[in-house]
Protein chains: 2
Amino acid sequence: MNKHINKLVLDTNIFINPKSRDLFGNSPTEAFKKFLEYAVKKENIQFFMPPSIFNELMDFIDKKTISHQLLLTMQKKSPKKYELKVPGFLLYELIDDIRKRVNKGLRLSEKAIREAKDKEITEDIISNLRNKYRAALREGTIDSKEDVDLILLAKELEATLVTTDKGVITWAEKLGISWLEPDYLKKLVI
Amino acid sequence: MNKHINKLVLDTNIFINPKSRDLFGNSPTEAFKKFLEYAVKKENIQFFMPPSIFNELMDFIDKKTISHQLLLTMQKKSPKKYELKVPGFLLYELIDDIRKRVNKGLRLSEKAIREAKDKEITEDIISNLRNKYRAALREGTIDSKEDVDLILLAKELEATLVTTDKGVITWAEKLGISWLEPDYLKKLVI
């Protein structure tokens, strides 16, 4: 038992990514249900999800098969986004990071245009660009409302964030938020 | 004389954009010098520029022609970016805005690839994409360290921001920072 960790904020990906999901079960529904069965017995740990993250997870889960008592174990709570403050220097880091990504996105697009000129299959080039562009612009950074929800909620509650998302981890570290990889979650709840 | 405004944070563009520059002079150097000649006499107003903005302006100015006494009128000061805080909800707005812009950038690139297939002049298509892409990703939002400097310095000093930059104005308004168009600057200093 770990005495230091008494609040956890959980990301969807724990129960979706096969690698981490399989710690608890072979499908998102089975993994989430099994996790809740452990969690409900852990009186010294509180489990939180922002509603946006909970709803995201529900798209992958057969909610009907999980009892209300179990579902109650997962507290749904939004961060107090109008009260919480973040340090100004984060704005610089965010803007600077985005600027580099945006420039890279343009370079990728220019390259794709030159390729389109020489080759036959335009749709392949476009599909290839889409993948590279999304990776360049979105991977390794926070890029959604859900990402911000996770970080601000963990900050507000002084909770430990459990996620596999590299971008969320990067920004959690900038804000001094403790985080764990899902592998440790089973150790904590069993 | 305006009793309410006693601190101004000034943007480079005031002295560069012909429309606003011409209020004071026909070149950036002339406009800035003339402005300082008025400003030095205004004992009830303090004038600030973040060093990043001041350096940006110096690229357009023949500094040797302006006396040190006049240059001292413009106080160079960075915001206290490690102490200043901004509300968490701004992160949501920033991330959401960026996400829309990034998606638009990809759509523009896809369109350009299809055009490149049909037309001869690839370089024209790329040049056209660059302009559209930069407009989509950067216009109307904060996209540089200098932009963040302006906003955070005005916030810290509770100063009025003078700028023509739509993106800076948008974010100043989100943070409750008062701002003026350069047209009013002459009225304030003369």
- Message: Counting heavy-atom pairs under 4.5 Å with chain A, which one of B:Thr141, B:Asn103, B:Leu108, B:Leu152 comes out on top?
- Response: B:Leu152
- Message: If you count every heavy atom of other residues, nucleotides or ligands that lies below 6.0 Å from A:Gln75 atom CD, does the total exceed 12?
- Response: yes
- Which value, rounded to the nearest 0.5 Å, describes the distance between B:Lys145 atom NZ and A:Arg99 atom CZ? 11.5 Å
- Minimal heavy-atom distance between A:Ile113 and B:Ala112, with the atoms involved, is CD1-CB, 3.5 Å
- Query: What option among B:Leu91, B:Asp143, B:Leu84 has the most heavy-atom pairs under 4.5 Å with chain A?
  - Reply: B:Asp143
- Message: Quick check on A:Glu173: does its CD atom have over 12 non-hydrogen neighbours (other residues, nucleotides or ligands) under 6.0 Å away?
- Response: yes
- Query: In terms of hydrophobic clustering (I, L, V, M, F, W, Y; side-chain heavy atoms under 4.5 Å; direct or indirect links), are B:Leu72 and B:Val189 co-clustered?
  - Reply: no
- Interchain contact, A:Asp96 with chain B, by part (heavy-atom threshold 4.5 Å): neither
- Message: For B:Asp149, which atoms come within 4.5 Å of any heavy atom of chain A: side chain, backbone, both, or neither?
- Response: both
- Message: More than 12 heavy atoms of other residues, nucleotides or ligands under 6.0 Å from NZ of B:Lys174: yes or no?
- Response: yes
- Heavy-atom distances under 4.5 Å only: say whether A:Arg134 touches chain B with side chain, backbone, both or neither. side chain
- Between B:Lys81 and A:Tyr92 the two heavy atoms that sit nearest each other are CD-CE1, 3.4 Å
- Item | chain B contact via A:Ile98 - which portion, at a heavy-atom distance below 4.5 Å | side chain
- Note on the structure: Ranked by heavy-atom pairs below 4.5 Å to chain B, first place among A:Arg101, A:Glu83, A:Lys85 goes to A:Lys85
- Query: For A:Lys104, does the NZ atom have more than 12 heavy-atom neighbours from other residues, nucleotides or ligands under 6.0 Å away?
  - Reply: no
- Item | Interchain contact, B:Leu106 with chain A, by part (heavy-atom threshold 4.5 Å) | both
- Message: So which residue, B:Ile142, B:Val102, B:Leu94, ends up with the most heavy-atom pairs under 4.5 Å with chain A?
- Response: B:Val102
- Query: Nearest heavy-atom pair of A:Leu129 and B:Ser109: which atoms, and what distance?
  - Reply: CD2-CB, 3.8 Å
- Query: Got more than 12 heavy atoms from elsewhere within 6.0 Å of NZ, B:Lys186?
  - Reply: yes
- Query: What do you reckon, is CZ of A:Phe89 surrounded by more than 12 foreign heavy atoms closer than 6.0 Å?
  - Reply: yes
- Side chain, backbone, both or neither of B:Ser144 within contact of chain A (heavy atoms, under 4.5 Å): both
- Query: Does atom NZ of A:Lys34 have more than 12 heavy-atom neighbours, drawn from other residues, nucleotides or ligands, at distances under 6.0 Å?
  - Reply: no
- Query: Is any side-chain heavy atom of A:Leu90 less than 4.5 Å from a side-chain heavy atom of B:Val86?
  - Reply: no
- Message: Heavy-atom cut-off 4.5 Å, strictly under: side chain, backbone, both or neither for B:Arg138 against chain A?
- Response: side chain
